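Per chain, numbering begins at 1; letters A, B, ... match sequence-line order. For clarity, every value in this text was computed on a predicted model and none was experimentally measured. Side-chain atoms are counted along with the backbone in the values below, which use heavy atoms only and exclude waters and symmetry mates.
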Number of protein chains: 2
Amino acid sequence: MEDKWVIELIEQLAQFKEGEIGISRLAFSQADRQAREHIQGRMKDAGLDVRIDAAGNIIGRLAGKDPEAPAVATGSHLDTVPHGGKYDGVVGIAGGLLAIQRLQARGPLTHPVELVVFIAEEASRFGYSNLGSKAMNGTANIHAWSRAQDHSGITLKQAFLKQGLDLSAVTAAARKKEELKGFVELHIEQSRILEKTGSKIGIVEWVAASTRLKITVEGTAAHSGATPMDERQDALVSASMIVLAIQEISLEQSTYGTVGTVGAQIVHPGVMNAVPGMVEMWVDIRGVDHDSIIQTLQDIKDAISTIAEEQHTPVAMEVLSSEKPVLMDEHMVETIENVCRSRGVSYRLMNSGAGHDAMYMAHLTPTGMILIPCKNGLSHHPEESVATEDIMTGIDVLTEMLYRLAK
Amino acid sequence: MEDKWVIELIEQLAQFKEGEIGISRLAFSQADRQAREHIQGRMKDAGLDVRIDAAGNIIGRLAGKDPEAPAVATGSHLDTVPHGGKYDGVVGIAGGLLAIQRLQARGPLTHPVELVVFIAEEASRFGYSNLGSKAMNGTANIHAWSRAQDHSGITLKQAFLKQGLDLSAVTAAARKKEELKGFVELHIEQSRILEKTGSKIGIVEWVAASTRLKITVEGTAAHSGATPMDERQDALVSASMIVLAIQEISLEQSTYGTVGTVGAQIVHPGVMNAVPGMVEMWVDIRGVDHDSIIQTLQDIKDAISTIAEEQHTPVAMEVLSSEKPVLMDEHMVETIENVCRSRGVSYRLMNSGAGHDAMYMAHLTPTGMILIPCKNGLSHHPEESVATEDIMTGIDVLTEMLYRLAK
């Protein structure tokens, strides 16, 4: 019956989307606002005390016996990438709500327990990820965020306003360390390690750091019919060489857990009858090994220089953001291990290649992460799929964790 | 004084554009309508009898002594690619108008002389090139054109309507062979052959044929952080391999005058945090040697199959259009040669890699093309530049050609 409840909630949230392919529920979109509206109602129905902080994070609180005691929190996000799936983020919200309802049924605990619905976890729309958890840990970069805009020219500032929020005031969402005892996030793995090893639970040790680059290749736009092959400075040819160089470098560095992706590329002028004069490309590098990330960056830089020179197409590289890998709290990791052992659930210590709100909460309070398998490791994809049994196992471990922390 | 007049007209037409970078005057845009309005006024000022045919071509006619005699026509186009230059097309219009005014001053000729401003020469906006000259030679493909739309979803049908024209009626623009004696187009070279060889005039023998392909690469969209390098089907990696394969094949075939270009590429979902799941790319192949074009197509097909198989990313290739190289009229070529010789102007017989309205007029009437050098061969580019002296030489040759044909 509980599994039916969770799946129904996940399906209800999946109704809030744009377009027909997968779930497109970009941060601050109408679909996102509707999903947030829906979950607020459900949190209130569950008897939580719900408030929205200055960054737009929804915080639902179950009172503890000691009103002065720091809260134990769980949570995740509702926004998606374009054409994403039903489970990324949502499992942590629906699962968190069920876990809190179970705790409620067991009777009052010492500590308050909170469910946090973080705003704008995905970077897809405005280029900045984890706005909510960054605001909560006090690292909101209002200066940079103020300049962000989406593809249609809507600024992040305007998006905040439409939500009834003031971007310049998000610093007020920062919480004090003493308000929280710990944070645990339940999330789908978005990779195939659990599936391949047959483990039911992944306990995160490191969350990979993300370094983001923008590479701009300058060629010379020219007539595609009249310009001889040997007189071209074709920006797309150089860009293609760069894509393959980044692929090769990332394959080499993958021994150390580092991955590199050219996810976006825009060709100018981008018409059939012109040799491309300029290409912009965006690169995402992730890893848990600092030396390997540095090596990857250096190798990309070297490859770019060689290609730029040989092809006579100047290339500029800009580091948009660069984060450090984050180690989860040792005691949290041990406690999740103990919970799994005591319940006879197979688990595995692992790293998360994906970034999560837990990464930013870790700077504020002792943090742990519980991962559950997803089919073929597919995520950020319309076919994202998770077995109900695995969701329920994840919620069981989360419930017990929250109980042990809050009891 | 005449040179000042021509340059002023070119500069006036350059005012009609959108945006700040180069000249963006896409077919059927407001800027295009304004430029057409302006030239109509100038044609009427020059005493031409101006009409607009069912396709939107502007035809200005200088009466001849024999009203029954077939007309001698010249002309080119006013529409541009995005961020194009001031001279592509415009030189043939401004130059044609000056040439006709000079003929007028010399006194009546036997044949009428026409200046044609062809509509929608560039394929940039709706994917189909030379709408005006195709309609005039009776090969308008109304069925295909009816389905065309631009990036913002405006259909070609709607664009015609906005111009006060009915797409389904463009067949009425077709002219009978007996209406025309010949057609001569003055155009910038859009290549560096004249500049490199120091010739002032290029006389076109062959106009290259264009074959246009759409290639779609299917990968698997996945999380850019959580998906290990060896488990990816990255559509952009395969697409980049295809770009480089097309470049290599085209370099090989360039001995035969064939060129190949990937001018446009769109990455889906195209966000920093997702491995690309699909890439669409558009390819333009041009050449004058039929065997070489066939070989290029076959080599591209083979390369695509190999890449698709090795990378586990299915690739589909669609031939959007395929034209045959067009031979200019032998007598026209000889007459232009004679004009150049008699005026002591250095010239060179050559092929045109770029397609032109002359290519389609050649199916209707004996056709010739006069090319003039442009700086560094740059065209379809904001820095397109042509020496005034070269423009005037081109107009001199054009004037004399029209005179010899119409006298």
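Nearest heavy atom pair, residue A/Pro276 against residue B/Gly263, reads CG-O, 3.9 Å. Nearest heavy-atom pair across B/Ala274 and A/Thr261 is O-CG2, 4.0 Å. Considering every non-hydrogen atom in both A/Gly225 and B/Val259, the closest pair reads O-CG2, 3.6 Å. B/Leu378 approaches A/Ala221 most closely through the heavy-atom pair CD2-O, 3.5 Å. The shortest heavy-atom contact between B/Ser224 and A/Arg286 is OG-NH2, 3.5 Å.
Crowding of A/Glu205 atom CD: a count of heavy atoms from other residues, nucleotides or ligands under 6.0 Å exceeding 12. More than 12 heavy atoms of other residues, nucleotides or ligands shown are found within 6.0 angstrom of NZ on A/Lys214. Heavy-atom neighbours of B/Glu20 CD from other residues, nucleotides or ligands within 6.0 Å: at or below the threshold of 12.
In this structure, A/Gln247 CD and B/Ser238 OG are separated by 9.0 Å, a value rounded to the nearest 0.5 Å. Going from atom CD of A/Glu384 over to atom NE2 of B/His223 covers 9.5 Å, rounded to the nearest 0.5 Å. To the nearest 0.5 angstrom, A/Gln265 atom CD is 6.0 Å from B/Ser240 atom OG.
Interface remark: B/Ser250 contributes backbone and side-chain atoms alike to the contact with chain A (heavy atom separation under 4.5 Å). For A/Ser129, no part sits under 4.5 Å from any heavy atom of chain B, backbone or side chain. For chain A, no part of B/Ile242 is nearby; none of its heavy atoms comes within less than 4.5 Å. Only the side chain of A/Leu320 comes within contact range of chain B, judged by heavy atoms closer than 4.5 Å. Contact of B/Val262 with chain A is made through backbone and side chain together, with heavy-atom distances under 4.5 Å. Contacts of B/Met241 with chain A are made by both backbone and side-chain atoms, with heavy-atom separations under 4.5 Å.
When the candidates B/Val267, B/Leu236, B/Ile193 are compared by the number of heavy-atom contacts under 4.5 Å with chain A, B/Leu236 comes out ahead. Looking only at heavy-atom pairs under 4.5 Å with chain A, the residue among B/Arg232, B/Glu189, B/His380, B/His381 that has the most is B/His380. Note on A/Gly260, A/Ala226, A/Gly353, A/Ala264: by heavy-atom pairs under 4.5 Å with chain B, the leading option is A/Ala226. Across A/Ser191, A/Pro228, A/Ala208, the residue that shares the most heavy-atom pairs under 4.5 angstrom with chain B is A/Ser191. No other option in A/Ser124, A/Pro269, A/Gly257 has as many heavy-atom pairs under 4.5 Å with chain B as A/Ser124.
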Can you check side-chain contact (heavy atoms from CB on, under 4.5 Å) on A/Met272 and B/Val283, steps first, answer last?
CA-CA 6 Å; A/Met272 182 127 51; B/Val283 186; over 6 Å; no
A/Glu231 vs B/Lys196, side-chain contact (heavy atoms from CB on, under 4.5 Å): CA-CA, chis, key distance, verdict:
CA-CA 12 Å; A/Glu231 292 191 7; B/Lys196 284 205 291 192; 2.6 Å; yes
Show the numbers, then the answer: is there a side-chain contact (heavy atoms from CB on, under 4.5 Å) between A/His83 and B/Met278?
CA-CA 12 Å; A/His83 313 305; B/Met278 207 239 283; over 6 Å; no
Does A/Met229 form a side-chain contact (heavy atoms from CB on, under 4.5 Å) with B/Gln253? I'd like the steps, not just the answer.
CA-CA 9 Å; A/Met229 294 309 294; B/Gln253 293 294 329; over 6 Å; no
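Residues A/Ser254 and B/Asp230 have side chains not in contact (no heavy-atom distance under 4.5 Å, counting atoms from C-beta outward).
A/Asn273 and B/Glu122 share a side-chain donor-acceptor pair at under 3.5 Å. Residues A/Thr227 and B/Arg192 have side chains that never bring a donor and an acceptor to within less than 3.5 angstrom of each other.
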